[in-house]
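What follows is a single structure, written as structure tokens, with notes after it.
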Number of protein chains: 2
Amino acid sequence: MVFQKERITEIGKKLHQAGMKLTPQRRATVNTLLKYQTKHLSAEELFTLIKREEPEIGLATIYRTLDLLAELRIVDRVTFGDGVARYDLRHENQQHFHHHLLCSVCGKVEEVHEDLLTEVEEVVMHKYGFKVQDHRLTFHGICSTCRQKERCLEQE
Amino acid sequence: MVFQKERITEIGKKLHQAGMKLTPQRRATVNTLLKYQTKHLSAEELFTLIKREEPEIGLATIYRTLDLLAELRIVDRVTFGDGVARYDLRHENQQHFHHHLLCSVCGKVEEVHEDLLTEVEEVVMHKYGFKVQDHRLTFHGICSTCRQKERCLEQE
DNA sequence: GTGGCTGCAAACCATTTGCACAAAT
DNA sequence: ATTTGTGCAAATGGTTTGCAGCCAC
């Protein structure tokens, strides 16, 4: 990760603008989020990973940091229907939140970074007078890997 | 609601097909879901309402009924980011789940019943090899009412 | 020394589960 | 009789909160 350092500095700036500090705990949290970008980790999972870097950290601090980062729109909270919140780093300059493909066979979550919804949002604006600021889109279905496996089994 | 009775009978059939009964408690639950179709009620909210019809009912029964109805794809569980699950009746013959417009000012949730995503699902299929079975789409933004209010304030 | 930040433990609260009893077939 | 469903109370588990101490400016 070449960009990691600058990304953290940049996040540090955002924090300072909001009158807050980039403490070691927060740094470690952001670090871990960066390192496991597409993994959709829960607070508990993050806890385990962050401890390696910052062994004294408490789970509550992580929740508080994530709340903070969410408010500053640095991360987004996602839920996939199990009762656990997961945290995704918002990509830089990414205006809208990315989408997810949730495989109902293996549980894997893929990310889709194309926007795809510009037209749909036009419709929502014109037909419903609703000014879209953000969205959450998750497709449930079968991922390519699982589909291939299914085909193999059929051929037996 | 003219259609309510037949809708319940139909749901009763689905239950029987799965080897289960349409008990008074379940009937009351479905009734209430029908009555408050677009309200996105939580289990607790449903509990209060269902009690009017079936005062002896326990909250656990409602959770169990909702699980059952969700498995039979009669209702869908939705979450809007507060940690509470809400339950929406799936419309008859509706292949895909409807979308939601969540107003960040007043908190109101509107429903959008047009599909809107057929093209997007094509892309997901071809580019990612992902076979879509269902989706969850929520737009966050400002509803028409709140936008009008904002405009009035600006003019002062 | 004031204000934000932290760790810990306790509290919270939506949901689930165990169990003994009831209803239906 | 066996299976399915129910109400109640207790347990669960992710998340939040209160608080005393800590750190930086």
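Note on naming: letters A, B, ... go to the chains in the order of the sequence lines (proteins, then strands), and numbering restarts at 1 for each one. Since we're looking at a predicted model, the values are computed, not measured.
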OH-CZ distance between B/Tyr63 and B/Phe47, expressed to the nearest 0.5 angstrom:
10.0 Å

When rounded to whole Å, the CD to P distance for the pair A/Glu56 and D/dG21 reads 18 Å

Aromatic rings A/His135 and A/His99: how do their planes relate, parallel, tilted or perpendicular, breaks at 30° and 60°?
tilted

Take the protein atom CG of A/Leu22 and the nucleotide atom P of D/dC23, then report the distance between them rounded to whole Å.
18 Å

In whole Å, what is the span from the CG atom of A/Leu59 to the P atom of C/dA9?
13 Å

Contact pattern, 5' to 3', of nucleotides 18-25 of chain C - B, S or - by protein heavy atom under 4.0 Å:
B-----S-

Atom pair distance, as rounded to whole Å: CE in A/Met20 and P in C/dT6
10 Å

Candidates C/dT6, C/dT15, D/dT15 - which lies nearest the side chain of A/Gln25:
C/dT6

Would you mind listing every salt bridge (Lys or Arg N to Asp or Glu O under 4.0 Å) that reaches into residues 40-62 of chain A, with sequence neighbours excluded?
A/Glu45-A/Arg86

Does anything in residues 102-118 of chain A pair up under salt bridge (Lys or Arg N to Asp or Glu O under 4.0 Å), and if so which pairs, sequence neighbours excluded?
A/Glu114-B/Lys127

Would you say a side-chain N or O of A/Thr23 is under 4.0 Å from OP1 or OP2 of C/dT6?
yes

Using the side chain to side chain contact (heavy atoms under 4.5 Å, CB included) criterion, which residues pair with A/Glu122? Sequence neighbours excluded.
A/His126

Which one, C/dT6, C/dG7, D/dG7, comes nearest to the side chain of A/Ile57?
C/dG7

Under the rule for ring pair (Phe, Tyr, Trp, His ring centres under 6.0 Å), what residues qualify as partners of A/His100, not counting sequence neighbours?
A/His40, A/Phe80, A/Phe97, A/His98

By a strict heavy-atom criterion of less than 4.0 Å, which residues belonging to residues 41-52 of chain A are in contact with DNA chain C?
none

What residues form a salt bridge (Lys or Arg N to Asp or Glu O under 4.0 Å) with B/Asp67, not counting sequence neighbours?
B/Arg77

Partners of B/Arg64 by side chain to side chain contact (heavy atoms under 4.5 Å, CB included), sequence neighbours excluded?
B/Ala60, B/Thr61

Listed once per pair and sorted, the salt bridge (Lys or Arg N to Asp or Glu O under 4.0 Å) pairs that draw on residues 7-20 of chain B, sequence neighbours left out:
B/Arg7-B/Glu10, B/Arg7-B/Glu92

Salt bridge (Lys or Arg N to Asp or Glu O under 4.0 Å) partners of B/Arg136, counting only residues at least two apart
B/Asp76, B/Asp134

Residues within residues 67-82 of chain B bordering DNA chain D, heavy-atom distance below 4.0 Å:
none

For C/dG7, take OP1 and OP2 only and decide whether either is under 4.0 Å from a side-chain N or O of A/Thr61.
yes

If only side-chain N and O atoms of B/Tyr63 are considered, is one of them under 4.0 Å from the OP1 or OP2 phosphate oxygen of C/dT16?
no

Nearest whole angstrom, please: distance from the P of C/dG7 to the CD of A/Glu54.
7 Å

Applying side chain to side chain contact (heavy atoms under 4.5 Å, CB included), can you list everything that pairs with A/Arg147, at least two apart in sequence or on another chain?
A/Ile142, A/Arg151, B/Met125, B/Lys131

